There are 2 protein chains.
Amino acid sequence: MRLSNLADYAVVTMSAAARHCGGGRTSAAELAAETGLPVPTVQKLVSKLSAAGLLRSTRGSGGGLQLARPAAAISVADIVEAVEGPIALTACIEGTDCTVSHDCSVRPHWPVVNQALRGALAGIPLTQLALEKEPA
Amino acid sequence: MRLSNLADYAVVTMSAAARHCGGGRTSAAELAAETGLPVPTVQKLVSKLSAAGLLRSTRGSGGGLQLARPAAAISVADIVEAVEGPIALTACIEGTDCTVSHDCSVRPHWPVVNQALRGALAGIPLTQLALEKEPA
DNA sequence: GACCAATCGGAACGATTTGGTCCGATTAAC
DNA sequence: GTTAATCGGACCAAATCGTTCCGATTGGTC
């Protein structure tokens, strides 16, 4: 019931990247310096986020990173899914079935919880997280 | 972003125990036979659930298990917290702070997501999960 | 045109948590 | 008092997560 540290770091990293969106170009080392995360860890996160289509990476010297989409169009759910795969509380949802699905009467109810969770995450755009202080 | 198998099994086990609530007494072996889970695994779950105050265990021969509270007063959130500890997506919530909380602008927003998730889980009582078929 | 420097991408290692199994302590019944 | 059945805790193996390192690619510079 806790998302992995990588997912947490990914959110922080994306939040830092969103602030650099104005310049359009930043690097993994830059983001690592700002977030305080280890550089290799950020590199790994950048790889996953790029593969998921959230970041646009440019290789070579003078290369860098930039958001593939506007910050307002990126939600926490997108970031979490990019790092941890599809949001599914149980294996019943994405996988075919449980290994013990004899009379699994709870299975029909998991999608409800799953959607509630995903909706909560999808309702928070990256722009809100990039704010320096909480809105309220 | 996925709860552990133990938590999933715990929900199934509690669901099975709720059906035996009428008799008031059942055993870990009984629940294991019905759910198809390994007996030792169910024993481990029973230990945790009892420690959390969700199950009442009676030792000795002829002993058994029974729900400590009415099924309607037990929610999925209770079961998950019993097995996995407090529901906290990030270490920032329960722990003192992140190890990299320099300018962690996302920290103020986690409790919102956390409460949304917990609310979704707390809104499903055990009685609903014990139904043979989905309500709709 | 060739060299060099900087960056991302993937692969390998180690640590931590999770899941499964076993044995002992406790208790009621006989 | 003995026996039998149960829960409770402790040990061990496995999988995943997290970190680190190395190689492939690309742009700038001479």
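So you know, we letter chains A, B, ... as the sequences are listed, proteins then strands, and number each from 1. We use all heavy atoms of the structure for the numbers below, so side chains are in, but hydrogens, waters and symmetry mates are not. Note that the structure is a prediction, hence the values are computed from the model and not measured.
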> With a 3.5 Å distance limit and no angle check, can you tell me whether A:S50 reaches the backbone of A:V46 through a side-chain donor-acceptor pair?
yes
> So do A:L3 and A:V83 actually touch side chain to side chain, heavy atoms under 4.5 Å?
no
> Could you pull out the closest heavy-atom pair between B:A68 and B:G53, with the gap in Å?
CB-O, 3.3 Å
> Which of these, A:V12, A:T13, A:L49, sits in a side chain to side chain contact (heavy atoms under 4.5 Å, CB included) with A:V42?
A:T13
> Base, sugar-phosphate, or nothing for B:A28, non-hydrogen atoms under 4.0 angstrom?
sugar-phosphate
> Once you round it to whole Å, what is the distance between P of C:dC8 and CG of A:L49?
12 Å
> Look at the side-chain N and O atoms of B:S57 and state whether any lies under 4.0 Å from the OP1 or OP2 oxygen of D:dT6.
no
> Write down the distance between NZ (B:K48) and C1' (D:dC7), rounded to a whole number of angstrom.
16 Å
> Any idea which heavy atoms bring A:L126 and A:A71 closest together, and the distance?
CB-O, 3.3 Å
> Test side-chain contact (heavy atoms from CB on, under 4.5 Å) on B:L45 and B:L6 and set out the steps.
CA-CA 7 Å; B:L45 289 173; B:L6 270 303; 3.5 Å; yes
> Just to verify, what does B:E84 make a side-chain hydrogen bond (donor to acceptor under 3.5 Å, both in side chains) with, not counting sequence neighbours?
B:S4
> If you look at every strand shown and take non-hydrogen atoms under 4.0 Å, does A:A51 touch a base, only sugar-phosphate, or nothing?
nothing
> Heavy atom of residues 73-81 of chain B under 4.0 Å from DNA chain D: which residues?
none
> Should A:I74 and A:M14 count as side-chain neighbours, where that means a heavy-atom distance under 4.5 Å?
yes
> Using nucleotides 15-26 of chain D, report all nitrogen or oxygen pairs with the protein that are shorter than 3.5 Å.
| from | atom 1 | to | atom 2 | distance (Å) |
| --- | --- | --- | --- | --- |
| D:dG18 | OP1 | A:N5 | N | 2.4 |
| D:dA24 | N3 | A:R59 | NH2 | 3.2 |
| D:dT25 | O4' | A:R59 | NH2 | 3.0 |

> Expressed as a whole number of angstroms, how long is the span from A:L65:CG to C:dA6:P?
17 Å
